[in-house]
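Notes for the one structure printed next.
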Amino acid sequence: MTKFDAIARELREHRHHLSMLCVAALLAACASGPPKSSSRDEPEAKPPPDLARVPDAQPQVEPIRPGGPNKPYEVLGKDYTPQRDDSPLTEKGLASWYGRKFHGKRTASGEVYNMYAMTAAHKTMPIPSYARVRNPANGREVIVRVNDRGPFHPGRVIDLSYTAALKLGVLNGVAPVEVERITFEQIRAGSWRRDGGATEVAAAPAPAPTPAPLPSPLPAAVSTPLPVPVAAVPIPELPAASAPDAPVDPKPSRAFTTAAQGFWVQLGAFKQRDGAEEFQRRVSGELDWLAPLLAVFSEPSIFRLQAGPYPSRGEAQDAAARIREALKLVPLIVERR
């Protein structure tokens, strides 16, 4: 055997060895399977307590805005045309939920998503809308306010907030549900209530309310809200809301959150509940993105109008800046622990 033949033989043996190593590596990869990844949304490490007691959304007649979130759109190559009238809608399918991945971000309506509010996303229901969602497996029902678009997975008909999914018992994953949109006629008649009780809804916009007093300025942030004197300073007039042809609910928007842990933006403190609710109604009419986050909290001798909760002080400050620019008042940041 020549030296050349010996070198050639050694190279052939080396190539064979490398081939065997590659085959072994490939078999090992096939046996272990692809790396697992999870796209499932998760709740926060310490969700607020008593979320099961958060009240359902309170249906009210809210004008269906043309354009904006109600104009045709395309997602993943598929076209969707939202309803533009007050038509009923019922469907069955799978419900999912979304949480902290989107908490504090903008919804399709422009409102800030609050995973602890009673809201939901739907592909074609008018925004805003109210819907009854029923879990046939346990008989539970919830009322949610639809202010976002989705879900875009096949077979899914509604994407619930974390709290709505918790109350409905579908936090463990997707689950079959029955969805029914609540129409303006049902809201006016009060027939959306299971007990058939009546509810008052105005047939025309309410007259301009009498200005209520604003609170005296407080420090920029406090850990625990304390009673403060209310100054006799008139509230600046807010511009009239758009869509004059649509009926407007004379009652202030319901807050769909509890006094949960987090950061809240305080808009005012009042000696009388009527003053707080009056101001809440006016703010809701001017800032529809803020309406679902508003709540009136009762304390000894004072009522506070606050919006939240926000997961961080920075996000609360961002909201406060938008409120300050729109309403020309100085909101406060309040932390609830």
Side-chain angles (χ1 to χ4, degrees), residues 51-64 69-70 80 82-99 107-109 111 113-151 153 155-201 246-247 249 251 253-258 288 291-293:
L51 288 178
R53 297 185 179 181
V54 173
D56 283 0
Q58 181 76 13
Q60 56 184 306
V61 175
E62 296 188 57
I64 299 174
N70 293 318
Y80 297 91
Q83 294 178 229
R84 296 187 180 182
D85 57 9
D86 185 38
S87 301
L89 184 152
T90 57
E91 56 188 339
K92 297 180 180 180
L94 298 176
S96 51
W97 64 273
Y98 59 130
T107 63
S109 66
E111 300 167 357
Y113 174 59
N114 184 349
M115 63 189 286
Y116 301 125
M118 291 296 291
T119 61
H122 192 276
K123 292 186 284 290
T124 58
M125 202 175 288
I127 288 181
S129 283
Y130 292 85
R132 183 190 310 278
V133 186
R134 181 176 182 272
N135 183 354
N138 55 25
R140 298 182 190 176
E141 294 183 354
V142 296
I143 304 293
V144 295
R145 183 174 182 270
V146 176
N147 67 348
D148 204 0
R149 290 294 176 216
H153 292 77
R156 300 186 189 182
V157 295
I158 197 165
D159 220 358
L160 302 167
S161 67
Y162 176 84
T163 298
L166 171 71
K167 294 181 63 176
L168 206 58
V170 298
L171 275 183
N172 291 332
V174 295
V177 296
E178 301 167 356
V179 179
E180 175 190 0
R181 180 176 182 270
I182 299 174
T183 65
F184 291 171
E185 180 180 355
Q186 291 173 315
I187 295 174
R188 294 189 187 99
S191 59
W192 64 271
R193 302 176 185 273
R194 284 308 189 194
D195 58 5
T199 183
E200 296 181 1
V201 178
D249 190 343
K251 298 180 181 179
S253 299
R254 278 283 303 272
F256 309 142
T257 57
T258 59
D288 56 358
L293 304 180

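In what follows, residues are counted from 1 in the order of the sequence shown.
- What you find for Ala164 and Val142 is that their closest heavy atoms are O-CG1, 4.3 Å.
- With contacts defined as side-chain heavy-atom distances shorter than 4.5 Å, the pair Pro82/Ile127 does not qualify.
- Note that the CG atom of Leu94 and the NE2 atom of His153 stand 11.5 Å from one another [nearest 0.5 Å].
- Of the inter-residue distances, the one linking Tyr162 atom OH with Met115 atom CE reads 6.5 Å to the nearest 0.5 angstrom.
- Remark: the backbone N or O of Asp148 is not paired with any side-chain donor or acceptor of Thr107 at under 3.5 angstrom.
- With sequence neighbours excluded, the residues satisfying side chain to side chain donor-acceptor pair (under 3.5 Å) with Arg181 are Asp86, Ser129.
- Here the closest heavy-atom approach between residue Val144 and residue Ala120 is recorded as CG2-CB, 3.7 Å.
- Considering every non-hydrogen atom in both Pro176 and Pro136, the closest pair reads O-CD, 3.4 Å.
- Side-chain contact check for Ile64 versus Asp85: every heavy-atom pair is 4.5 Å or farther apart.
- Nearest heavy atoms, Gly169 versus Asn135: O-ND2, 3.9 Å.
- No donor-acceptor distance shorter than 3.5 angstrom exists from the side chain of Asn147 to the backbone of Pro128, with no hydrogens or angles considered.
- Residue pairs satisfying the salt bridge (charged side-chain N to carboxylate O under 4.0 Å, His left out) criterion with at least one member in residues 158-176, sequence neighbours excluded, are listed as follows: Asp56-Lys167.
- Interatomic distance, Tyr130 OH to Phe184 CZ, rounded to the nearest 0.5 Å: 9.5 Å.
- Residues Tyr116 and Leu51 meet the side-chain proximity criterion, which asks for heavy atoms closer than 4.5 Å.
- For the salt bridge (Lys or Arg N to Asp or Glu O under 4.0 Å) test, residues two or more places apart in sequence or in another chain that qualify with Glu178 are Arg134.
- Among residues two or more places apart in sequence or in another chain, the side chain to side chain donor-acceptor pair (under 3.5 Å) test is passed with Glu141 by Arg132, Arg194.
- Legend: residues meeting side-chain contact (heavy atoms from CB on, under 4.5 Å) with Val179, ordered by chain and number and at least two apart, are Glu91, Met125, Ala131, Val133, Val157, Ile158, Val177.
- Contact record, Leu166 with Ala52: CD2-N, 4.1 Å, taken as the closest heavy-atom pair.
- Listed for the Lys123 side chain is no donor-acceptor partner under 3.5 Å among the backbone atoms of Arg149.
- In this structure, the side chains of Leu168 and Trp97 stay at 4.5 Å or more apart for every pair of heavy atoms.
- Between Met118 and Ile143 the shortest side-chain heavy-atom distance does not fall below 4.5 Å.
- Listed for the Tyr113 side chain is a donor-acceptor partner under 3.5 Å among the backbone atoms of Tyr98.
- Side chains of Thr124 and Leu89 form a contact here, defined as non-hydrogen atoms less than 4.5 Å apart.
- Annotation: side-chain contact (heavy atoms from CB on, under 4.5 Å) contacts of Thr90 (sequence neighbours excluded): Glu180.
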